[in-house]
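Single-structure report; data block below.
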Amino acid sequence: QVQLVESGGRLVQAGGSLRLSCAASGRTFSDYAVGWFRQAPGKEREFVAAISRSGGSTRYTDFVKGRFTISRDNAENVVYLQMDSLKPEDTAVYSCAAASRNGPLILHSIYDYWGQGTQVTVSS
């Protein structure tokens, strides 16, 4: 069992930055790849970024490439999502998820555990 808790979401102006954290407890965190997803009101949940167990491999969806950076600190059991040059369309609830299985990390079905999410609101 892995428990995930997100933090760092808040209201920010367009062009600003935020760093989200995903803190894990329970089983060995380095056994899990971690992804960030987001869901805006009235829209489906969508993949944002993912990082491998060791942190050596990352993947991003096209609309955040060059603006968002995912990283992890396995010693501290935390994954970060640094978000720069934020846009109003980035407004959503951001959730992290952990996957023990191998597979395409863009698919939410590959993940075993999910956090509750943190609200990010970007004003224009």
Exercise for the section: Count the heavy atoms belonging to other residues, nucleotides or ligands that lie under 6.0 Å from CD of Glu89, then report whether that count exceeds 12. Expected result: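 Atom CD in Glu89 is packed in, count exceeds 12.
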Handout entry: Residue Arg59 excluded, over 12 heavy atoms near CZ under 6.0 Å
Key =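 Atom CZ in Arg59 is not packed in, count stays at 12 or less.
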Non-hydrogen atoms of [X] and [Y] that approach each other most closely:
X	Y	value
Ser21	Val78	CB-CG2, 4.2 Å
Ser124	Ala14	CA-CB, 4.3 Å
Ala49	Leu81	CB-CD1, 4.2 Å
Gln39	Lys43	NE2-O, 3.1 Å

May I ask you to test the [X]-[Y] pair for a side-chain heavy-atom distance under 4.5 Å?
X	Y	answer
Arg67	Tyr60	no
Tyr113	Tyr32	yes
Leu18	Val120	yes
Val79	Cys96	no
Tyr94	Met83	yes
Ser7	Thr118	no
Phe63	Glu46	yes
Ser30	Arg53	no

From [atom1] ([X]) to [atom2] ([Y]), nearest 0.5 Å:
X	Y	atom1	atom2	value
Trp114	Arg45	CH2	CZ	4.0 Å
Arg10	Leu20	CZ	CG	10.5 Å
Gln1	Ser25	CD	OG	9.5 Å

Given 3.5 Å as the limit, does a donor-acceptor pair link the side chain of [X] with the main chain of [Y], or not?
X	Y	value
Asp73	Glu76	yes
Arg72	Phe29	yes
Asp84	Ser17	no
Tyr111	Leu105	yes
Arg101	Ile110	yes

Exercise for the section: Please assess Ser95 against Trp36 for the test side-chain contact (heavy atoms from CB on, under 4.5 Å), listing each intermediate value before the final yes or no. Expected result: CA-CA 6 Å; Ser95 300; Trp36 283 96; 5.8 Å; no
Exercise for the section: Look at the rings of Phe37 and His108 and say which category their plane angle falls in: under 30° parallel, 30 to 60° tilted, over 60° perpendicular. Expected result: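 Rings of Phe37 and His108: perpendicular, over 60°.
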Practice task
Give the cluster check for Phe47 versus Val34: same hydrophobic cluster or not, with ILVMFWY residues linked at side-chain heavy-atom distances below 4.5 Å.
Solution key: no
Practice task
Treat each ILVMFWY residue as a node, draw an edge where side-chain heavy atoms are under 4.5 Å apart, and state whether Ile51 and Val64 are in one component.
Solution key: yes
Handout entry: SB check Lys87 Asp90 (cutoff 4.0 Å)
Key =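 Here Lys87 does not pair with Asp90 in a salt bridge, since their nearest N and O are not under 4.0 Å apart.
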Exercise for the section: I would like to know whether Leu4 and Gln116 meet side-chain contact (heavy atoms from CB on, under 4.5 Å); could you show each step before the answer? Expected result: CA-CA 8 Å; Leu4 302 172; Gln116 292 298 308; over 6 Å; no
Exercise for the section: Please report the C-alpha distance between Tyr80 and Ile70 in whole Å, then the side-chain angles of each, then the deciding distance to 0.1 Å, and finally whether the side-chain contact (heavy atoms from CB on, under 4.5 Å) criterion is met. Expected result: CA-CA 6 Å; Tyr80 301 105; Ile70 189 171; over 6 Å; no
Practice task
Applying side chain to side chain donor-acceptor pair (under 3.5 Å), run through Gln13 and Ser123 and close with a yes or a no.
Solution key: CA-CA 5 Å; Gln13 287 190 332; Ser123 64; 5.0 Å; no
